[in-house]
Every structure is written in structure tokens, then in C-alpha cells.
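Some notes on the structure that comes next.
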Amino acid sequence: MDNNSDIFFEGLNPQQIEAVKYTDGPLLIMAGAGSGKTKVLTHKIAYLNREFNVPLSNILAVTFTNKAAAEMKERVQNLVNPAAKSHDNWILTFHSFGFKMLKMYADKLGYDKNFVVYDSSDQLALVKQIMADFEIDVEQFKPKSILYQISKAKNSFDLPEQFLQRANTDVLQVAAKVYAEYQMRLRQNNAMDFDDLLLNMVLLLKQEKEILEKYQNKFEFILIDEYQDINMPQYHISYMLSAKHRRMFVVGDTDQNIYSWRGANLQNILNFEKDFPDAKVILLEQNYRSTSNILDIANSVIINNKLRKKKNLWTNQEKGDEACFFIAQNDYDEAENAAKKVKALIEKGSTLSEIAFLYRTNAMSRVIETILLQHNIKYRIYGGLRFYDRKEIKDVMAYLKLILNYKDDVAFQRVVNVPSRKIGKLTLLKVQEKALEKGVSCFEAVDLLEEVRGHAALLSFKELIVSFQQDYAQEELSAAEIIDRVINRTGYKEMLMAESNLEARARIENLDELKKSAVEQNYSLDDFVSMSTLLTSQDETGDVEDVLTLMTMHTAKGLEYDHVFLFGLEEGVLPHVQSMDAPDEIEEERRLCYVAVTRARKKLFLSASSNRGSYGSTTPKELSRFFYEMPAELLKVEFSDRLSGFNHIVEKLSAKPEYNLTAPDRKGTFFTRDYEDESSKKVVLDYKVGDIVRSGAFGDGVVVQVFSSGKDMSLQIRFGKEMKLVMPKYGKLEKA
DNA sequence: AAGAGGCCTCTTTTT
DNA sequence: GAGGCCTCTT
């Protein structure tokens, strides 16, 4: 196969072909957005398999998301010989790789092999428990930020002792103390958190030379996707495993490094050529995805970053449409505009599945969802409130975890009194004391308890769990059957039925859904529980209906759509408030903006809102600095006709001649709006500076400034410390 | 012991 | 605006 006419190489450019064929040693592929890196990876795996007869079981290919792994797996299956399809398949995410290995060798680290994986709310519960035991003031030190510090330490490969030594502030010292205990209790509970799946794997490979050697030999080729987002434990894992064959192929784009808050360390990709001095480097700079207008917008944003490896992404695609930039009065208005544009696209022949709405924070989806529901536009939301985060699901999962692993105190605490078994706080406290005293789990401590009130209830709870354990052991029941028994025999379903309201009914439906997915997947209980914890909602296999996609900009990485809507191009949103102080964090926000823009194939719709609600109140917003970094001539700026009265964004923008503002009369009456169009009731607007007013939403305030123009009026009002811009018409104001 | 009601914090981003 | 957590009442 030394010619490019082979159908296998059809559609690949010379650099891509070189990247696929190179097998002599370490290889770094710097691949810009849309340059076909997934294609290179999948073709490479297939090439190794077909040309060199490397079995798939000897190729390790790691990605970051389950979605990417699944897609890669599927594409590889289509490229290799059907005979080569293997069950010993190692195309997976880093976390599931860690999980798979630890399932086999957890005992080497002092764990039982039936350990469970804690998700973030289990983690938080454990941290809170420890802080309570240590009598640490949770007002002064927030459990969440302590957990954040712990996770950050683990992702930087900082073990408790080192972390303590380096802890030079109050918070860090507290975190270090909790961290050490946290790790101990995880072990006691026979549980690992997400970070442990990587961390413990490193410890395993460092500690067990034989295991390390076995897998060094096994994995003749190691491929890693999104290498710019690799953290320290992941780095150690790949480095150790590739030490023997030294055939490590990594693909990455420094401009798409958006997970540094999770420990992703850009140095790892920048140091690749130092780690492997004989590394070959291939650049993929041709973008096959987007129109040149979209690419120009993306490029002119990203060039403002100081910390980057210069590269120039180009395309020979046509210019395409100009991007729309819509300026809305508020977030509802913003969503409304997007919904209208979607309808127009559909009328022109697009399908919903070719459209994505991207936003910076999950909370922003709420308003968008409201509007989409109103417009009857079907959508699917990725991330946000996950299926597995729902209370009823977590409850049932806690039962399952306890059945598998009675040492799991977090699970025990969660369900011991759900549904109510009349076991109170006091009784549980005694259980905990006893467990601590005897050094056993809560579950075991139940037997050791002297006569206390509620002891009978505790014993029967324990019996119930034991009976499930026996069912599982003797009959080898599937996950679906166990779930069914748990829901019915614990009285959980009965409890929900008794509530007989809409919410309870939805919960029952969710439980049915859980059971259904267990039936479909036909997993054992053990596998079901671990898969569910590792899976996030973005991986849930849903119907492949024609629906609009909603997700955060982070989640969108690696995906592409014909039409992409980006919401909230505002200071404080993108870039996010919490990233606005540090220059390097601004750069990460800029990369995020770059990632978001480059998701679009054909047309980009951007928007910003003059006011945005958050935490239940509304505050004025300024246009994002990234807006001004985009070439004005490539943006068609549109103003909402709901913009009214005084508007800081419009004022600012109107002063800039480079923005070709096509609004009919932007100098005067443009800002005004006739209320009577929308309302049959005529409203008398009579306010002056100094008036005391009462608002349904904000309470009492004083009018600081009046903006009026034509029939329109807005008021600047001070409510306590907060300044608001309120339109009397909409603001439900009355004079106090 | 359990439910109701009020207060408070909270929102980056995810495996 | 929502969910968690505390307190108060039954």
C-alpha cells in the first residue's frame, strides 16, 4: 500500500497521510480545529491493523469524552476487517481506562475489587461529613471549595503529604487536612472518586513493576486525542506505558486548551518534543469544516492570545454568509430572536439536528428552554441537570452501591431512612459513633449497637439489604431485575405513589427509564453501577430524532454543526466574571470562544444581551471584548426592536462607524417603541427623579435617573445597593 | 420523627 | 429562581 490511490487514503491530504503512515517513533500532530484529526486517528488505527496486523487489543486509544470514544470505536470498526473486530478493545476514555485497570488490580492498592465510584455529590457528602467530624467551620471554609482544592491537588498529582507541605494559606491547610482524611475514608468505604481512577492507576503502575511491564508490552501503539488537555496523572500514565515501544502518537491543538481548571496542563503538549527528542511533528492546518468567514472570525479572536504556538488555519472553502450579531434587550429577547431564526432556517430546508445553541454556563439554558417550549421547537439538552443527578435515581443507585459494597457509608447514610423507616438523626449519630469506635462501616456497626430506639428498624433495613445481596449472589440476577426488586421491596415506589402528584409521577417515570436502560444494556449489577457513574448525560443514548442541540461551549468541543448560535457574548459571561482578573484565565476564555466559533460549518449566529438575569435579578451587561476582536466587516449587527430608551450598548456601538449599523434611524426614534402595539391598556408614565417606587421583584427603591424618548421610558432605580434599569411598563412598578 | 416554611447561598466550565 | 439546610411546629 504505497500509493494514494488506495481507497483507504482517499480524501486524505498529504500531511494526513503522512501522519497515518508514520510508525517509527513518537509523533506529535498539531491539528487545528476542523482539520480532520479524528479521521487521522481512526485511519491510523485501521492502518496499523490492516498493514501491520497489529491486533486491536494491542492498540490503546484514549479520548476525553465517552462520546468521542464511542464515535472513534464505531469509525474504526467500519474501517478494519470484520474479522479483526475484537472484544479486547482499548478505545476508551482515560477515566474508563483507569476504571478497567483498577477493576483488575484494585487489590494491589488495598481496595476490594468491587469498589464503587463516587460522583461529585457523593464526594461532597463525604467532605461535609469529615468537616463536621473535625469541627471545621463550614461558613469560613466552604465544603465545595475545599473539595475543589482537593480535586485540584489530585489532578496535579499532589499527594496529601506534599500538598500539606506546600499549603501556605488557611484554606489550603484546611484542605490538606481534609484531603488526607478524605483519602482514608474513601479507602474505608471501598470507594474511589473520579480523580482516583487516574491517580490510583499511576500509583498502581509505579508500585507494581510486573503489571507495568505487562501493559508496556501489550500496548505496542498508544494514541491520545486532545493532548493539550492532559493533566499530570494522565501524563504519567501515558509516559510510563509508552516507555518501552515509544510509539506514542498524540494529537492536539494548543488553541483548544479549555480545561486547565481541571488540571489540564498545556506544558505537557509543549514539552512533548523535550520528552521525546526524536519526536516527529506534523502540522494539520487546513480546515475542512467552516466557511472562510467563520474561520476569519475565529482566527482574528485567537491571535490576541500571547501564550500560543503560532499557526495559521486556512481553508479553500468559499467565504459564505456573514455572521449575524444580534443585540437583545434581555435574555428572553435573545432566546426569542434565536428561536425565530431557527424557524426561518427550517423553512429554508435545514433540519433541527444541524443546529446547535451554545452557551457559557448551564444556568443559561433555562431561559432558552422556556422560549423553545413556547415555540414548539424540539430540543435536546446535554449536560446540565443530568439524569443520574436526579434525586430518585441517586437514591436507587445508592441502594445498588450498598448491595455491591456494604462498606459504602455515604450510600448507607443516603438511603437508610428513605423511604422513612422512622430512623432518626439521633439513632444515626449513634451508628456513626459505634462505627468510628470499632473501626467498621456503618452497615456493620448496626449489629454492634446496644439497645437503642430504632434498633429494630435498623436491623430490618440491614436484613433487607442482605436479602438483596443474597438474591444477587445466588441467582445472579441482572441489574434490571435487582433494580426492579429494590424499587418495589424497599417501598420506594409505594412512597412515590402515595404522593400522587405530578412531580412524583415524573420521578416514577425516571425510575422506569433507569430500569429500561438497564434492560437494554443487559449489564450485571456491578457493570451497570460503574458504567452509570462514569457516564454523563451527554452519553446517554437517546432516540436519534431530529432535534435542536443545547449545550455548553465546553461540551461542544470536538463537535460540529451547520448552524451554530452563540449566546451571551458579554463581559462577565464570556469571558466569565470569575476569569476576568487573571490574564491567563482571559486567554482560556478566548480559547473557549475560539472553540465555540469553530464549531460552525456554514453560518454563525452570535448574540449579546443588554441585560441579563442571574440569581433571580437582572443586571446590565457590556459587550464582550471578544466581540470587538472580531472583524467588524464580517459581522452583520442587528438590534432588537425591543431595545428601548437608554441603552448603554447601543450608545457605545453607534459611536463606532466601522460597524455598519443598518437600523433605519438609529440616531433618534430608533430607540423608542410604541407600547400600545402590545398592550391594550394605556399606561401613564409619570416618574421623576427622587420618586420612591415599589417593585414586585426588587422591593422599594428610589428613582435616580429618568430616560425618556417618545412614548418610551426607562428608569434607573437604586434598590438598596443594587442599581437597576427598569421599564415601568414591564417592571410592575408602583409609586410607594 | 417528619413535614412545612423560611432563609441562605449559589453558577463557571466536566470526567 | 431553585435547591439545600435549618428551625419550628405538630
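The chains referred to below are lettered A, B, ... by the order of the sequence lines, with proteins before strands, and numbering in each begins at 1. Since the model is a prediction, treat every value here as computed from it, not as a measurement.
Here the C1' atom of nucleotide B:dT14 and the CZ atom of A:F64 are 11 Å apart, to the nearest Å. Atom CZ in A:F194 sits roughly 6 Å away from atom C1' in B:dT15 (whole-Å rounding). What separates CG of A:L197 from P of B:dT15 is a distance of 13 Å, to the nearest Å. Atoms NZ (A:K144) and P (B:dC8) sit 18 Å apart, rounded to a whole Å. The distance from atom CH2 of A:W261 to atom C1' of B:dT12 is 8 Å, rounded to the nearest whole Å. Between the C1' atom of B:dT9 and the CD atom of A:Q140 lies a distance of 17 Å, rounded to the nearest Å. A:M364 has its CE atom 17 Å from the P atom of B:dT11, to the nearest Å. Atom OH in A:Y259 sits about 6 Å away from atom P in B:dT14, given to the nearest Å.
Ring geometry for A:W90 against A:F219 counts as perpendicular: the plane angle is over 60°, on a 0 to 90° scale with 30° as the lower cut. Ring orientation note: the planes of A:Y259 and A:W261 are tilted relative to one another, at an angle of 30° to 60°.
Positionally, the nearest nucleotide of DNA chain B for A:N417 lies more toward the 5' end than for the other of A:N417 and A:E589. Positionally, the nearest nucleotide of DNA chain C for A:R366 lies more toward the 5' end than for the other of A:R366 and A:K425. A residue-by-residue look at A:L592 and A:K422 shows that A:K422 has its nearest nucleotide of DNA chain B further toward the 5' end.
Nearest heavy-atom pair, A:P620 versus A:N611, reported as atom, atom and distance to 0.1 Å: CA-OD1, 3.5 Å. In terms of heavy atoms, A:N304 sits closest to A:E587 at O-OE2, 4.3 Å.
For DNA chain B, if you chain together Watson-Crick or G-U pairs that step i with j, i+1 with j-1 and so on, the runs of at least three with distances under 3.5 Å are B:1-10 with C:1-10.
Residue A:T65 has no polar side-chain atom (N or O) positioned under 4.0 Å from OP1 or OP2 of B:dT15. Between A:N362 and B:dT13, a side-chain N or O to OP1/OP2 separation shorter than 4.0 Å is present. Distances shorter than 4.0 Å separate some side-chain N or O of A:T552 from OP1 or OP2 on B:dT14. Applying the 4.0 Å criterion to OP1 and OP2 of B:dT15, one finds that A:S96 has every side-chain N and O outside that range.
Stacking here means ring centres nearer than 5.5 Å and ring planes tilted less than 30 degrees, and by that measure A:H95 does not stack onto B:dT15.
Contact annotation for A:S614: no contact, since no heavy-atom pair falls under 4.0 Å across all strands. A:K557 comes within 4.0 angstrom of nothing in the nucleic acid, heavy atoms only. Contact annotation for A:T427: backbone-only contact, meaning every heavy-atom pair under 4.0 Å involves sugar-phosphate atoms and none involves a base.
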Evaluate the criterion salt bridge (Lys or Arg N to Asp or Glu O under 4.0 Å) for residue pair A:K103 and A:D526; output intermediate values, then yes/no. CA-CA 11 Å; A:K103 262 285 139 174; A:D526 193 6; 3.3 Å; yes
In sequence, state the C-alpha distance, the side-chain angles, and the governing distance for A:Y182 and A:Y118, and then conclude on ring-ring contact (aromatic ring centres under 6.0 Å, His included). CA-CA 12 Å; A:Y182 175 81; A:Y118 276 4; 8.2 Å; no
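A:Q234 places a side-chain N or O within 3.5 Å of a backbone atom of A:N231 that can act as its donor or acceptor partner.
For A:K154 and A:F194, the positive end is not near the middle of the six-membered ring at less than 6.0 Å and at most 45° from its axis.
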